[in-house]
Amino acid sequence: YGGMGTMSKSKMNGVDPQAIINEYGADTARLFMMFTSPPEQSLEWSEEGVVGSFRFLKRLWRIVAEHVEQGVVAGYASGDLNAEQKALRFELHRTLQKVADDYGRRQQFNTAIAAVMELLNLLSKFTDKSPTARAVAQEVLENTVLMLSPIVPHACEALWRILRPGSSMLIDAPWPSVDVTALVQDEIELVVQVNGKLRGNMMVAKDATREAIETLARNHPNIEKFVLGQAIKKVIVVPGRLVNVVV
């Protein structure tokens, strides 16, 4: 990592990374440095940033522990999924695509870490505890650990052994591959506007006709609220992007 020897706290002094390692551990130090700044830029010291990195790792550890408390399961491999489960797998494999590109071609480690953090936020809102949902959650957590392993290898090896008892990430786990079938969406999200102002969003079938989208927009709860009985002059549909109701 460029400039890893010391971190600039001001123009007059530096901070020894060993101080962070002593207090928070090597993985927190690595995560803070890689998340805070691209390798080619100087690194600004931030106590809040160090604490934030430490809290993220604790949160990941807690989510894995709470998941495994319900029993060890295999990651999702096949089978029917509902819309919420499909959406989570879509985000997982889109994140895998981005992280591989960020690590490899772009060498932008901070944006890769941010993408994984966003994925974990989505998982934390995933409340489905059905067997299929738990298999999808297992898939997400295993791949989260693998994506973070170049940055925080010690924690990720320990987390992998919790998720896969009797297995070692270093020995048994290749770099994850993208499931292209998970990236095929049955539904897409459209922005909903009234007179050009954002008023919400809605999910529609990927192959929905303009007429079907217009009907859904006219009956959208937010549209009814903001139209307030005014006459709708026209509905403008921009395929794949937005619906604008003009009153």
Side-chain angles (χ1 to χ4, degrees), residues 1-4 25-41 43 49-50 52-64 67-68 74-77 81 84-126 133-164 167-185 188-189:
Y1 190 98
M4 192 171 177
D27 279 345
T28 293
R30 289 166 63 96
L31 181 63
F32 164 69
M33 288 188 284
M34 301 299 275
F35 180 57
T36 303
S37 174
E40 70 276 6
Q41 297 180 14
L43 180 66
V50 174
S53 296
F54 184 65
R55 286 176 177 167
F56 171 74
L57 291 178
K58 286 178 64 178
R59 182 178 178 224
L60 174 59
W61 201 284
R62 184 179 67 251
I63 290 173
V64 168
H67 171 77
V68 174
Y76 174 82
L81 301 173
E84 186 181 18
Q85 294 160 1
K86 284 182 179 179
L88 182 57
R89 288 200 80 236
F90 172 81
E91 293 301 334
L92 165 61
H93 288 276
R94 184 168 69 170
T95 302
L96 280 170
Q97 267 190 335
K98 174 173 176 49
V99 168
D101 187 51
D102 282 351
Y103 281 166
R105 181 182 65 86
R106 299 181 67 239
Q107 297 190 351
Q108 296 296 311
F109 309 111
N110 54 328
T111 55
I113 296 167
V116 176
M117 289 178 171
E118 186 175 343
L119 176 64
L120 199 66
N121 284 338
L122 291 174
L123 178 63
S124 68
K125 299 172 184 176
F126 186 64
R134 296 204 68 242
V136 172
Q138 177 82 13
E139 181 189 17
V140 171
L141 287 171
E142 287 181 6
N143 282 286
T144 294
V145 167
L146 288 170
M147 285 187 284
L148 288 175
S149 62
I151 310 298
V152 286
H154 310 92
C156 287
E157 173 67 19
L159 288 168
W160 181 266
R161 293 183 183 221
I162 295 172
L163 288 164
R164 291 273 197 96
S167 172
S168 168
M169 181 186 66
L170 295 174
I171 298 172
D172 305 317
W175 184 256
S177 58
V178 175
D179 180 358
V180 293
T181 64
L183 299 176
V184 178
Q185 291 182 289
I188 57 175
E189 186 177 51

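For reference, positions follow the sequence shown, starting with 1. Every heavy atom of this structure was used, including side-chain atoms; hydrogens, water molecules and symmetry mates were not. Source: prediction; values computed, not measured.
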request  = Sequence neighbours left out, what passes salt bridge (Lys or Arg N to Asp or Glu O under 4.0 Å) with R106? Give chain and number order.
outcome  = D102
ask   = Rounded to the nearest 0.5 Å, how far apart are CG of L159 and CG of L141?
value = 9.0 Å
key: Residue pair W61, I162: steps toward the side-chain contact (heavy atoms from CB on, under 4.5 Å) verdict   = CA-CA 10 Å; W61 201 284; I162 295 172; 4.0 Å; yes
remark   = residues 150-161 vs salt bridge (Lys or Arg N to Asp or Glu O under 4.0 Å), sequence neighbours excluded, gives E157-R161
query = Between the side chains of D27 and H154, is a donor N or O closer than 3.5 angstrom to an acceptor N or O?
reply = yes
ask   = Which pair of non-hydrogen atoms, one from T28 and one from F54, has the smallest distance, and what is that distance?
value = OG1-CD1, 3.4 Å
inquiry  = Show the nearest heavy-atom pair for residues G49 and F32, with the distance to one decimal.
reply    = C-CD1, 3.5 Å
query = Is there a side-chain contact (heavy atoms from CB on, under 4.5 Å) between Q85 and Y76 once you walk through the steps?
reply = CA-CA 10 Å; Q85 294 160 1; Y76 174 82; over 6 Å; no
Gap separating the CG atom of L122 from the OG1 atom of T95, nearest 0.5 angstrom = 7.5 Å
note = On a heavy-atom basis, the closest approach of E142 and G75 is OE2-N, 4.3 Å
request  = Just jot down the ring-ring contact (aromatic ring centres under 6.0 Å, His included) partners of F56, sequence neighbours excluded, or say none.
outcome  = none
task = Please round to the nearest 0.5 Å and tell me the distance separating atom CE of M117 and atom CG of L60.
result = 10.0 Å
request  = Inspect the surroundings of CD in E118 and state if more than 12 heavy atoms from other residues, nucleotides or ligands are less than 6.0 Å away.
outcome  = no
message = Could you measure the distance from the CG atom of N143 to the CZ atom of R89? Nearest 0.5 Å is fine.
response = 9.0 Å
note = So CZ of R62 and CG of L57: to nearest 0.5 Å the spacing works out to 12.0 Å
key: Closest heavy-atom pair and its distance - L96, P176   = CD2-CG, 3.5 Å
ask   = Within the distance-only criterion (no hydrogens, no angle test), does the side chain of E84 pair as donor or acceptor with the backbone N or O of F126 below 3.5 angstrom?
value = no
ask   = With distance as the sole test, does D101 use its side chain to make a donor-acceptor pair with the main-chain N or O of Q97 at under 3.5 Å?
value = no
task = Answer whether the closest heavy-atom distance between the side chains of V116 and F35 falls below 4.5 Å.
result = no
remark   = When every non-hydrogen atom of F109 is compared with those of M34, the smallest separation belongs to CD1-CE, 3.5 Å
ask   = Could you walk me through whether D172 and R164 pass the salt bridge (Lys or Arg N to Asp or Glu O under 4.0 Å) check?
value = CA-CA 10 Å; D172 305 317; R164 291 273 197 96; over 6 Å; no
Steps toward side-chain contact (heavy atoms from CB on, under 4.5 Å) verdict (N121, R59) = CA-CA 10 Å; N121 284 338; R59 182 178 178 224; 2.7 Å; yes
key: Minimum side-chain heavy-atom gap R94-K98 below 4.5 Å   = no
query = E91 pairs by side-chain contact (heavy atoms from CB on, under 4.5 Å) with which of V140, L119, L123?
reply = L119
note = Heavy-atom closest pair (A112 atom, Y103 atom, distance to 0.1 Å) is CB-CE2, 3.7 Å
inquiry  = For the backbone of I151 and the side chain of R30, can you confirm whether one donor and one acceptor N or O come within less than 3.5 Å of each other?
reply    = yes
note = dist C156:SG -> M169:CE (nearest 0.5 Å) comes out at 5.5 Å
ask   = Are any non-hydrogen side-chain atoms of L163 and V68 less than 4.5 angstrom apart?
value = yes
inquiry  = Treating H93 as the side-chain partner and L183 as the backbone partner, does any N or O pair qualify as donor plus acceptor under 3.5 Å?
reply    = no
